[in-house]
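Reviewing the structure listed below.
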Amino acid sequence: MAAPDELFCWEGDWGLPSVSTDCLVVLAYAQFAGAPLKLRKICNPWRSPSGSLPALRTNQKETLSRPADIIIHLRKQKFNADFDLSAKEGADSLAFISLLEEKLMPALIYTFWVEPKNYVDVTRRWYAEHMMFPLNFFLPGRMQSRQLEKLRLLRGDESLEAGEELEKELYRDAAECMNLLSQRLGSQKFFFGDSPSSLDAYVFGHLLPSECKLPNAKLQQHLKSLDNLSNFCSNILLLYFPRDGRAETSAQKAAPQPDSGDFDKRPQQAQEASCCRLRFAFGAMLSYALLTGMVSIQHVHQEALEEPPDPEHIASHEEEGDG
């Protein structure tokens with residue numbers, strides 16, 4: 001029996017299976033299609049076979065990174081969530097997925113990576129806290145630069161700059177997209193009936209991050225006003241990701257209040273990992289100090305250390321002191 005394909009994704013938080021939209025799309029589609037993937041949730045994209053997330057490493061050692069490419073591969077392996085769609089439904093699905101990429105994705109990028117308070121208080125902080133040293137010092141900033149490039153590409157404007165006017169335009173487009181999706185979904189459980197499809201995976205992946213608690217939560221506020229879309233996300237979370245759906249609530253109930261004995265109560269492995277990180281950080285700082293000349297080491301001959309003091313030299317100093 002062939003080994004299962006390996007899927008590398010960003011870890012989840014805030015009750016989400018993953019903090020990444022692209023990872024959420026792939027995770028949802030794999031669940032809908034029943035694909036037996038070996039899942040690896042990580043917080044270091046350099047540990048993935050492509051250097052980015054998501055990434056699928058097939059049992060033929062091929063690596064795929066784009067959600068569309070991963071979904072096409074799974075279909076070729078007979079894991080097709082769109083098998084029962086008619087030609088018209090397939091065309092509608094492609095049209096709505098394009099709409100998501102054109103209208104909703106730019107607003108998501110702006111919300112998490114450009115809006116100052118959201119980026120500083122939530123996005124950058126999360127990635128900095130979950131990445132290992134020294135990646136947490138420079139990778140979040142590099143990721144932000146790539147997201148800005150993606151935003152400019154989606155908007156077709158290389159000189160695009162953040163501002164109040166851009167924010168209004170992006171949120172207006174996102175609201176229109178959500179409204180169209182809400183009208184198309186209606187009272188159905190999924191967009192094409194009782195079974196989820198690739199469109200459901202894309203909508204879920206693009207809408208769910210909007211439910212995060214953010215300082216500036218305009219997308220979240222609009223999503224909450226559309227009951228059927230909000231329930232759509234909650235139902236998928238409950239049916240296909242029950243552990244993640246309960247994670248946030250359970251964590252809030254079970255989290256102990258911090259006290260002076262918390263460190264001693266942590267598992268031994270966690271303590272050892274913390275010690276390793278501290279040793280690594282100290283070593284890196286010491287190396288930097290030596291290389292830049294901030295700290296120097298003087299070599300002293302062993303004979304000089306072992307040679308006893310000269311009694312006459314001591315006596316002469318004592319006489320000078322008496323005088």
Side-chain angles (χ1 to χ4, degrees), residues 14-25 28 67-68 89 91-123 126 144 147-157 159-192 196-237 245 248:
W14 313 307
L16 278 61
S18 175
V19 296
S20 159
T21 291
D22 286 345
C23 291
L24 286 171
V25 171
E89 288 172 336
D92 288 347
S93 178
L94 292 175
F96 275 104
I97 290 172
S98 297
L99 183 69
L100 285 167
E101 293 291 331
E102 181 183 350
K103 298 294 186 180
L104 188 53
M105 177 57 82
L108 279 175
I109 294 174
Y110 189 91
T111 297
F112 284 92
W113 294 97
V114 180
E115 204 286 326
K117 197 160 184 62
N118 289 350
Y119 174 68
V120 172
D121 293 352
V122 179
T123 307
W126 189 90
Q144 184 193 37
Q147 291 294 327
L148 287 173
E149 291 177 8
K150 183 177 180 180
L151 179 59
R152 293 188 176 108
L153 182 63
L154 288 170
R155 299 292 295 179
D157 185 357
S159 60
L160 188 70
E161 295 294 338
E164 186 176 348
E165 193 64 32
L166 175 63
E167 180 178 328
K168 288 181 179 178
E169 186 177 345
L170 293 178
Y171 286 142
R172 182 179 65 246
D173 289 348
E176 290 177 359
C177 178
M178 289 184 184
N179 292 340
L180 289 173
L181 290 169
S182 178
Q183 292 172 14
R184 179 62 182 83
L185 179 62
S187 59
Q188 299 180 110
K189 186 176 182 180
F190 300 108
F191 278 88
F192 298 111
S197 65
S198 58
L199 176 58
D200 296 280
Y202 273 92
V203 174
F204 174 76
H206 285 73
L207 289 183
L208 194 63
S210 303
E211 296 195 348
C212 294
K213 294 179 180 179
L214 299 169
N216 184 346
K218 293 181 180 178
L219 285 181
Q220 182 188 56
Q221 292 168 5
H222 190 73
L223 178 60
K224 285 184 175 180
S225 70
L226 303 171
D227 292 338
N228 61 342
L229 280 186
S230 185
N231 292 334
F232 166 84
C233 292
S234 300
N235 290 336
I236 290 180
L237 203 57
E248 186 175 17

When rounded to the nearest 0.5 angstrom, what is the spacing between CG in Leu229 and CD in Gln183?
-> 10.0 Å

Heavy-atom pair with the smallest gap, counting every atom of Asn179 and His222 = OD1-NE2, 3.0 Å

Hey, what's the ring geometry for Tyr171 with Tyr110, parallel, tilted or perpendicular (30° and 60° as the breaks)?
-> perpendicular

Taking all non-hydrogen atoms of both residues, which atom of Phe204 and which atom of Phe232 are closest, and how far apart?
-> N-CE2, 4.0 Å

Side chains of Gln147 and Gln144 in contact at under 4.5 Å (non-hydrogen atoms) = no

Using a 4.5 Å cut-off on heavy atoms from C-beta on, say whether the side chain of Asp92 contacts that of Leu199.
-> no

Taking side chain as C-beta onward, heavy atoms only, is Val203 less than 4.5 Å from Leu104?
-> no

One should read off an interatomic distance between Leu99 CG and Glu176 CD, to the nearest 0.5 angstrom, of 9.5 Å

Step through it carefully: locate the ring centre of Phe96, locate the ring centre of Tyr202, and say whether they are under 6.0 Å apart.
-> no

The reported gap from CG in Leu16 to CD in Glu211 (rounded to nearest 0.5 angstrom) is 7.5 Å

Looking at CG of Leu170 and CE of Met105, how far apart are the two atoms once the value is rounded to the nearest 0.5 Å?
-> 12.5 Å

Kindly say whether Glu89 contributes a backbone atom to a donor-acceptor pair with the side chain of Ser93 at under 3.5 angstrom?
-> no

Atom CZ of Phe192 and atom OG of Ser198: how far apart are they, to the nearest 0.5 Å?
-> 7.5 Å

Please walk me through it: do Lys213 and Val122 pass side chain to side chain contact (heavy atoms under 4.5 Å, CB included)?
-> CA-CA 9 Å; Lys213 294 179 180 179; Val122 179; over 6 Å; no

Where Pro106 and Glu101 come nearest, the two heavy atoms and their spacing = CD-O, 3.5 Å

So which heavy atom on Gly205 is nearest to which on Thr21, and how close?
-> O-CG2, 3.3 Å

Glu115 and Lys218 ion-paired at < 4.0 Å = no

Side chain to side chain donor-acceptor pair (under 3.5 Å) between Asp200 and Ser197, intermediate numbers included = CA-CA 5 Å; Asp200 296 280; Ser197 65; 3.0 Å; yes

Please report the shortest heavy-atom distance between Ala174 and Leu219, naming the atom on each side.
-> CB-CD2, 3.7 Å

OG (Ser234) and CG (Asp227) are apart, to the nearest 0.5 Å, by 10.5 Å

Mark yes or no for whether Asn228, through its side chain, and Ser187, through its backbone, hold a donor-acceptor pair below 3.5 Å.
-> no

Side chains of Leu214 and Phe112 in contact at under 4.5 Å (non-hydrogen atoms) = yes

Do Leu148 and Trp113 have side-chain heavy atoms sitting under 4.5 Å apart?
-> no

Which atoms form the tightest heavy-atom contact between Ser210 and Met178, and what is the distance?
-> OG-CE, 4.3 Å

Between the main-chain N or O of Asn118 and the side-chain N or O of Asn216, is there a donor-acceptor pair closer than 3.5 Å?
-> no

Exam field: side chain Ser230 to backbone Leu226, donor-acceptor pair closer than 3.5 Å | no

